[in-house]
Peer 1: 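Dumping the structure here so I can ask a few things about it.
In this text, all values refer to a predicted model and were calculated from it rather than measured experimentally.
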Amino acid sequence: MVQRKDKRLVYVNYDLLEEVAKASRNRGETITKFLEESLVQALKVTKAGYDLKQLGDFFEVLYAQRILGGVFVPLEVLNFLTNTALKDDKTSLAKVWFENGTWHGRYLKERFGDPVKSLGTFLEVSRWDLSEVEVKRVGTTIRVRCISAVLSEEATHLLSQFIEGIMQGFDCKLQKCDLLKGMIVMEFTH
């Protein structure tokens, strides 16, 4: 198979091209190499079923998670640690989740222009045990819904404490909380 080496002209906004030139200089590569590599990575993301906007959102949330000291832990390990800690002191563990959530909420509020939207992305990216996440604003009410087939009753409660803490970090007050094993539906007012 013969590879084609011909090129095509693509028009790009001047300001964007200036940013690309700056980024490529910082990396010590040509603009062409920088753009070609960017396009290859964009195609990988697209072939995986995502769009570039999602990739940018995911990256920002992963970066925030890194800054906040988050780590990826296998679900079985997290469940073991949680269940062990719950045997000793349920109240203290719930308090730690809530306080950690408050810290996360303050950071998300400071870091992102729309912290409510970032919360949805944050939960989707950092909690692989959640099959559905919905965070939406209707007027002054913010509704958070999380669904998981693998969360225990205790883990559901702890996650709700974390979410309540995050929302307190956004200066929101809990109005409604419905919990079932693997299902969280919470409403807050701002």
Side-chain angles (χ1 to χ4, degrees), residues 50-51 53-190:
Y50 295 96
D51 63 40
K53 172 81 172 90
Q54 286 174 305
L55 178 65
D57 291 345
F58 286 177
F59 176 78
E60 281 189 321
V61 167
L62 285 173
Y63 179 77
Q65 184 72 314
R66 179 174 173 245
I67 296 299
L68 292 166
V71 295
F72 287 100
V73 176
L75 184 59
E76 188 175 336
V77 173
L78 179 62
N79 287 340
F80 173 78
L81 294 172
T82 299
N83 291 336
T84 302
L86 283 171
K87 288 177 189 171
D88 294 335
D89 189 357
K90 289 181 180 185
T91 305
S92 292
L93 185 57
K95 184 179 176 188
V96 169
W97 276 92
F98 180 84
E99 289 172 350
N100 218 286
T102 302
W103 207 95
H104 277 66
R106 294 268 161 90
Y107 179 80
L108 293 174
K109 184 179 173 185
E110 291 299 318
R111 172 97 165 90
F112 297 99
D114 185 352
V116 173
K117 181 181 175 206
S118 71
L119 172 59
T121 306
F122 183 84
L123 291 171
E124 287 174 353
V125 172
S126 64
R127 294 299 304 246
W128 292 357
D129 52 346
L130 298 176
S131 54
E132 291 182 35
V133 173
E134 178 186 74
V135 179
K136 72 178 179 182
R137 184 188 316 251
V138 179
T140 59
T141 300
I142 300 166
R143 185 171 190 265
V144 179
R145 185 175 64 85
C146 301
I147 308 294
S148 171
V150 297
L151 279 182
S152 67
E153 187 174 327
E154 295 83 5
T156 301
H157 173 69
L158 293 173
L159 179 57
S160 76
Q161 290 295 295
F162 182 68
I163 292 168
E164 185 177 350
I166 289 174
M167 296 305 291
Q168 179 174 304
F170 292 174
D171 298 319
C172 295
K173 302 282 184 235
L174 179 65
Q175 297 301 309
K176 178 182 170 188
C177 181
D178 291 326
L179 301 178
L180 292 172
K181 178 182 171 188
M183 181 183 290
I184 298 169
V185 179
M186 302 173 85
E187 290 184 2
F188 301 86
T189 56
H190 197 311

Peer 1: Taking atom NZ of K117 as the centre, does the number of heavy atoms from other residues, nucleotides or ligands within less than 6.0 Å exceed 12?
Peer 2: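 Open.
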
Peer 1: Any chance you could measure H190, atom NE2, to T141, atom OG1, to the nearest 0.5 Å?
Peer 2: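 It comes to 11.5 Å.
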
Peer 1: Is any side-chain heavy atom of K53 closer than 4.5 Å to one of D57?
Peer 2: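 When only atoms from C-beta onward are counted, K53 and D57 do touch, with a gap below 4.5 Å.
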
Peer 1: Output all residues satisfying ring pair (Phe, Tyr, Trp, His ring centres under 6.0 Å) with F188, sequence neighbours left out; order by chain, then residue number.
Peer 2: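 If we apply the ring pair (Phe, Tyr, Trp, His ring centres under 6.0 Å) test to F188, skipping adjacent residues, there are no hits.
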
Peer 1: Have Q175 and T189 got a donor and an acceptor in their side chains that come within less than 3.5 Å?
Peer 2: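 Yes, side-chain donor-acceptor contact under 3.5 Å.
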
Peer 1: Find out whether L55 and F59 are in side-chain contact, i.e. whether some heavy atom of one side chain is under 4.5 Å from a heavy atom of the other.
Peer 2: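 Sidechains of F59 and L55: no contact.
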
Peer 1: Would you name the heavy atoms of T121 and F58 that are closest together and state the gap between them?
Peer 2: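 Closest heavy-atom pair between T121 and F58: CG2-CD2, 3.9 Å.
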
Peer 1: Would you give the length of the straight line joining atom CE of M183 to atom CG of L130, rounded to the nearest 0.5 angstrom?
Peer 2: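 Going from CE on M183 over to CG on L130, the span is 12.0 Å.
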
Peer 1: Taking V96's backbone N and O only, do any of them form a donor-acceptor pair with E99's side chain (distance below 3.5 Å, no angle check)?
Peer 2: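 No: the side chain of E99 does not pair with the backbone of V96.
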
Peer 1: Name all residues meeting the side chain to side chain contact (heavy atoms under 4.5 Å, CB included) criterion together with Q161; count only those two or more places apart in sequence or in a different chain, and write none if there are none.
Peer 2: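 In terms of side chain to side chain contact (heavy atoms under 4.5 Å, CB included), with neighbours along the sequence ignored, Q161 is linked to A94, W97, F98, H157, E164.
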
Peer 1: Go through it in stages, so that I can follow the logic: the residues are L180 and T156, the test is side chain to side chain contact (heavy atoms under 4.5 Å, CB included), and I'd like the CA-CA distance, side-chain angles, deciding distance and then a yes or no.
Peer 2: CA-CA 7 Å; L180 292 172; T156 301; over 6 Å; no

Peer 1: For a side chain to side chain contact (heavy atoms under 4.5 Å, CB included) check, start with the C-alpha distance between I163 and C146, then their side-chain angles and the critical distance, and finish with the verdict.
Peer 2: CA-CA 10 Å; I163 292 168; C146 301; 3.9 Å; yes

Peer 1: Quick one: closest heavy-atom pair of L151 and D129, and the distance?
Peer 2: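 It is CD2-OD2, 3.2 Å.
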
Peer 1: Between atom CZ of R143 and atom CD of E134, what is the distance when rounded to the nearest 0.5 Å?
Peer 2: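 Spacing of CZ (R143) from CD (E134) equals 5.5 Å.
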
Peer 1: Between CG of N83 and CD of E154, what distance do you get to the nearest 0.5 Å?
Peer 2: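 It is 6.0 Å, given to the nearest 0.5 Å.
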
Peer 1: If I take atom CZ from residue R106 and atom CD1 from residue I166, how far apart are they, to the nearest 0.5 angstrom?
Peer 2: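 The CD1 atom of I166 is 12.5 Å from CZ of R106, to the nearest 0.5 Å.
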
Peer 1: From F162 CZ over to S126 OG, what is the distance, rounded to the nearest 0.5 angstrom?
Peer 2: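 If we round to the nearest 0.5 Å, F162:CZ and S126:OG are 6.5 Å apart.
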
Peer 1: Between the main-chain N or O of P115 and the side-chain N or O of S118, is there a donor-acceptor pair closer than 3.5 Å?
Peer 2: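 Yes.
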
Peer 1: Over all heavy atoms of both residues, which pair between L93 and A85 is shortest? Give the atoms and the distance, please.
Peer 2: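 For L93 versus A85, the nearest heavy atoms are CD2-CB, 3.8 Å.
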
Peer 1: Where do I67 and R111 land on the side chain to side chain contact (heavy atoms under 4.5 Å, CB included) test, with the steps shown first?
Peer 2: CA-CA 11 Å; I67 296 299; R111 172 97 165 90; over 6 Å; no

Peer 1: Less than 4.5 Å apart, side chain to side chain, heavy atoms only: is that true for I142 and V135?
Peer 2: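 Heavy-atom side-chain distance check passes, below 4.5 Å.
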
Peer 1: Does the side chain of M167 reach to within under 4.5 Å of the side chain of L119, using non-hydrogen atoms?
Peer 2: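 A side-chain contact under 4.5 Å exists here.
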
Peer 1: Can you name the nearest heavy-atom pair linking S152 to K181, along with the distance?
Peer 2: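 Heavy-atom minimum between the residues: C-CG, 4.0 Å.
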
Peer 1: Minimum heavy-atom separation for F122 to H104, with atom names?
Peer 2: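 Where F122 meets H104 most closely, the heavy atoms are CZ-CD2, 3.4 Å.
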
